[in-house]
Engineer: 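One structure, pasted below without further comment.
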Amino acid sequence: MKILVVNAGSSSLKYQLIDMDGEKELAKGLVERIGIEGSKLKHSAGDKKTEIAQEIPDHEAAAQLMLKILQDPEFGVIKSTDEIGAVGHRVLHGGSAFTASVIVNDAAKQAIRDCFPLGPLHNPANLMGIEACEKVMKGTPQVAVFDTAFHQTMPPKAYMYGVPKMYEEKLHVRRYGFHGTSHRYVSRRVCEFLGISPIGKKIIICHLGNGSSLSAVMDGKCQDTSMGLTPLEGLLMGTRCGSCDPAVVQFIANNPLNDDGTPVGHSISVDEVLTMMNKKSGLLGISGKSSDCRDIDDLASKGDPNAKLAQDMLIYGIKKYIGSYAAAMGGVDIIVFTAGIGENNADLRAQVIDGLEFMGAKIDTEKNKTRKEAVISADDSKVTVCVIPTNEEIMIARDTLDLVTTGKVRDN
Ligand code: ADP
């Protein structure tokens with residue numbers, strides 16, 4: 001069966017068509033600037049690449065264009081949309097309602113709508129993507145795969161915040177965690193790769209990209225994760241500040257600064273502070289130059305003190321989470337690095353593991369040069385340290401296939 005994986009944003013629609021017979025990617029693409037001037041589609045199928053610039057007023061038009069190019073005589077890979085067995089959609093927030101992926105029906109759509117306040121930027125866009133595909137592919141099953149679902153096994157002591165309990169009971173204020181599809185894929189894949197069962201294993205996954213999160217996984221189930229009610233909590237990220245004293249929000253709201261460091265002269269709203277914490281902070285905010293880890297490394301190696309500080313803060317933060325998750329689980333057997341930084345940045349991996357010999361983790365400098373699936377720990381390291389490239393699309397496609405063929409996901 002061929003499965004189409006869709007990730008719809010407010011002005012974008014990313015897609016990948018996968019042949020599940022061999023789990024082979026057939027084609028992928030991105031529709032950008034939906035509803036904005038300059039909209040276009042970028043598509044590739046194997047070595048063939050094309051770009052179409054045209055007006056794309058809404059998500060339905062984007063979905064239509066995606067289907068057209070997938071059936072194109074030159075750049076397409078299917079003859080008819082009937083070849084698409086089902087569509088799997090990435091949905092950011094499933095709240096507490098979804099502990100696993102589901103086939104989309106009216107009740108599921110309503111539950112996704114109910115989560116709008118928890119994912120105000122992403123969930124409405126994700127639903128628009130689902131509804132657009134429903135319209136242009138009538139009768140094709142649609143599946144929703146939630147970024148939060150894998151973390152639903154966290155115990156209350158890990159997901160509760162210390163604010164009055166009624167906020168969780170009435171308004172669902174709690175830790176949800178994100179990147180769940182990645183954490184789930186990587187936690188399964190590392191065990192498969194090592195030829196071991198997840199049962200009895202304590203694993204720490206470091207998903208380090210523009211957005212970064214760690215998770216503690218025991219017996220294949222998530223015990224804790226670093227992102228929270230929103231993706232702002234946890235590690236220092238590309239443009240997000242990560243965890244800090246909540247009183248910082250009030251202090252900055254009352255004493256805001258312009259980009260040049262001069263006082264604004266009046267207070268700003270909590271929303272404005274949070275926008276700054278989401279978009280202008282992290283590696284970008286500390287270095288003052290870039291949110292991209294490659295630029296930060298480059299600047300730091302040339303002696304830029306603020307880039308070096310940003311790098312140090314990121315590495316120190318990852319170490320602290322690894323230490324705390326090892327303590328929370330009563331040990332750690334496997335540490336995994338994944339996503340853009342985790343898969344590619346050998347120096348950062350080495351610096352994170354450096355000094356963790358006391359808990360049995362030691363890196364092998366030669367093995368650590370990899371960018372592929374590999375064990376990178378030393379032969380005498382008690383903790384196995386690995387690189388496992390993430391593959392959220394495959395996880396979404398697998399769940400979609402499972403739900404439409406057997407009615408349940410094979411391994412949640
Ligand atoms: P997103 O969260 O947007 O999916 P990615 O997983 O693509 O992010 O990660 C982006 C980060 O990964 C950037 O900080 C970038 O510097 C880093 N990165 C990506 N590719 C490489 C590479 N080849 N070498 C070093 N760093 C990389």
Engineer: What I'd like to find out is whether the side chain of Ser281 reaches to under 4.5 Å of the side chain of Met276, using heavy atoms alone.
Structural biologist: yes
Engineer: Does any part of the side chain of Glu83, heavy atoms only, come nearer than 4.5 Å to the side chain of Lys79, both counted from C-beta?
Structural biologist: yes
Engineer: Between Thr239 and Gly282 (side chain of the first, backbone of the second, donor and acceptor by atom type, cut-off under 3.5 Å), is there such a pair?
Structural biologist: no
Engineer: Which residue is it: Arg189, Arg398, Arg90? I am looking for the one with a salt bridge (Lys or Arg N to Asp or Glu O under 4.0 Å) to Glu392.
Structural biologist: Arg90
Engineer: For Glu131, is there an ion pair with Arg113 - N to carboxylate O distance below 4.0 angstrom?
Structural biologist: yes
Engineer: Sort and list the pairs that fulfil side-chain hydrogen bond (donor to acceptor under 3.5 Å, both in side chains) and have at least one residue in residues 306-318, not counting sequence neighbours.
Structural biologist: Asp297-Gln311, Lys308-Asp312
Engineer: Are Asp219 and Lys221 close enough for a salt bridge, meaning some N to O gap below 4.0 Å?
Structural biologist: no
Engineer: State whether Phe150 and Arg184 meet the cation-pi test: NZ (Lys) or CZ (Arg) under 6.0 Å from the six-membered ring centroid, and within 45° of the perpendicular axis.
Structural biologist: no
Engineer: Can you tell whether the side chains of Lys109 and Glu134 come within less than 4.0 Å, N to carboxylate O?
Structural biologist: yes
Engineer: Between Lys372 and Glu343, does any side-chain N to carboxylate O distance fall below 4.0 Å?
Structural biologist: no
Engineer: Any carboxylate oxygen within less than 4.0 angstrom of a Lys/Arg side-chain nitrogen, looking at Asp402 and Arg410?
Structural biologist: yes
Engineer: Does this structure show an ion pair linking Glu51 with Lys42, if we count only N-O contacts that are shorter than 4.0 Å?
Structural biologist: no
Engineer: Does this structure show an ion pair linking Lys319 with Asp354, if we count only N-O contacts that are shorter than 4.0 Å?
Structural biologist: no
Engineer: Treating Gln152 as the side-chain partner and Gly95 as the backbone partner, does any N or O pair qualify as donor plus acceptor under 3.5 Å?
Structural biologist: yes
Engineer: Are the side chain of Glu357 and the backbone of Gly355 linked by a donor-acceptor contact shorter than 3.5 Å?
Structural biologist: yes
Engineer: Taking the ring centre of each residue, are Phe178 and His93 less than 6.0 Å apart?
Structural biologist: yes
Engineer: Would you confirm whether Ser287, through its side chain, and Lys289, through its main-chain N or O, come within 3.5 Å as a donor-acceptor pair?
Structural biologist: yes
